[in-house]
Each structure stands twice: as structure tokens, then as C-alpha cells.
Asks: 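Mind looking over this structure? Questions follow.
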Amino acid sequence: MATVRWTVDDDHNVKEIHKVVVYRFKVGDVDDPDLYIAEPIWDWQKSEAGKFVLEHAIETPSWHRHLNHMMYGYEYVIVA
């Protein structure tokens with residue numbers, strides 16, 4: 001988890017902002033992995049969980065790619 005940040009609303013209430021991994025999936029060893037992730041991300045955005053995250057996220061969620069040596073592919077995570 002990333003560093004905890006905070007904001008203060010108009011009523012002087014402090015709200016903590018946490019960044020968490022909200023979705024994780026794997027892609028095999030393909031020529032262009034960033035092209036192959038379009039469909040899984042699109043399906044996630046249209047799911048109930050994806051709609052909830054997109055509606056309630058403070059900042060726009062971002063995706064990150066990690067090389068997975070064990071499966072000779074890539075692991076992607078969406079952080080919000």
C-alpha cells in the first residue's frame with residue numbers, strides 16, 4: 001500500500017486516502033502485452049466491482065505492469 005495521504009473537507013473532517021490494488025490479472029508471453037490487456041480491463045470496468053471503484057475513487061485508477069518470471073509472462077494490477 002502506498003503512503004497514506006489525507007484531506008480536510010468543508011466541515012473540517014479529516015479523510016484518509018489509501019491506494020490499494022483493486023484488480024489483478026496475468027497475461028502470458030505475448031508480442032504486445034499492453035494491447036492484450038484492453039479486454040480484461042474493459043470487462044473489469046463494466047463489472048459491478050469496477051463500476052464501484054470508478055465511482056468512488058478519489059483519483060483516476062492506474063494500471064501497472066510487472067514481469068512475472070515464474071510464468072514467463074506479465075502481471076497487471078489496477079491501483080485506485
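Nothing here was measured: the structure is a model prediction, and the numbers come from that model.
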Asks: Group every Ile, Leu, Val, Met, Phe, Trp and Tyr by side-chain heavy-atom contacts under 4.5 Å, then state whether Met71 and Val27 land in the same group.
Replies: no
Asks: To the nearest 0.5 angstrom, please state how far the NZ atom of Lys46 sits from the CG atom of Leu54.
Replies: 8.5 Å
Asks: So Glu75 and Arg24, do their side chains get closer than 4.5 Å, heavy atoms only?
Replies: yes
Asks: Do Phe25 and Val20 land in one hydrophobic cluster if side-chain heavy atoms of ILVMFWY residues count as linked below 4.5 Å?
Replies: yes
Asks: Quick one: list whatever passes ring-ring contact (aromatic ring centres under 6.0 Å, His included) with Tyr74, sequence neighbours left out.
Replies: none
Asks: Are Leu67 and Val30 grouped together when hydrophobic residues (ILVMFWY) are joined by side-chain heavy atoms under 4.5 angstrom apart?
Replies: yes
Asks: Show every side-chain hydrogen bond (donor to acceptor under 3.5 Å, both in side chains) that has at least one partner inside residues 26-44, sequence neighbours left out.
Replies: Asp34-Arg65, Asp34-Tyr76
Asks: Would you mind listing the cluster partners of Val79? Hydrophobic ones only (ILVMFWY), side-chain contacts under 4.5 Å, chaining allowed.
Replies: Val21, Val77
Asks: So Val53 and Pro61, do their side chains get closer than 4.5 Å, heavy atoms only?
Replies: yes
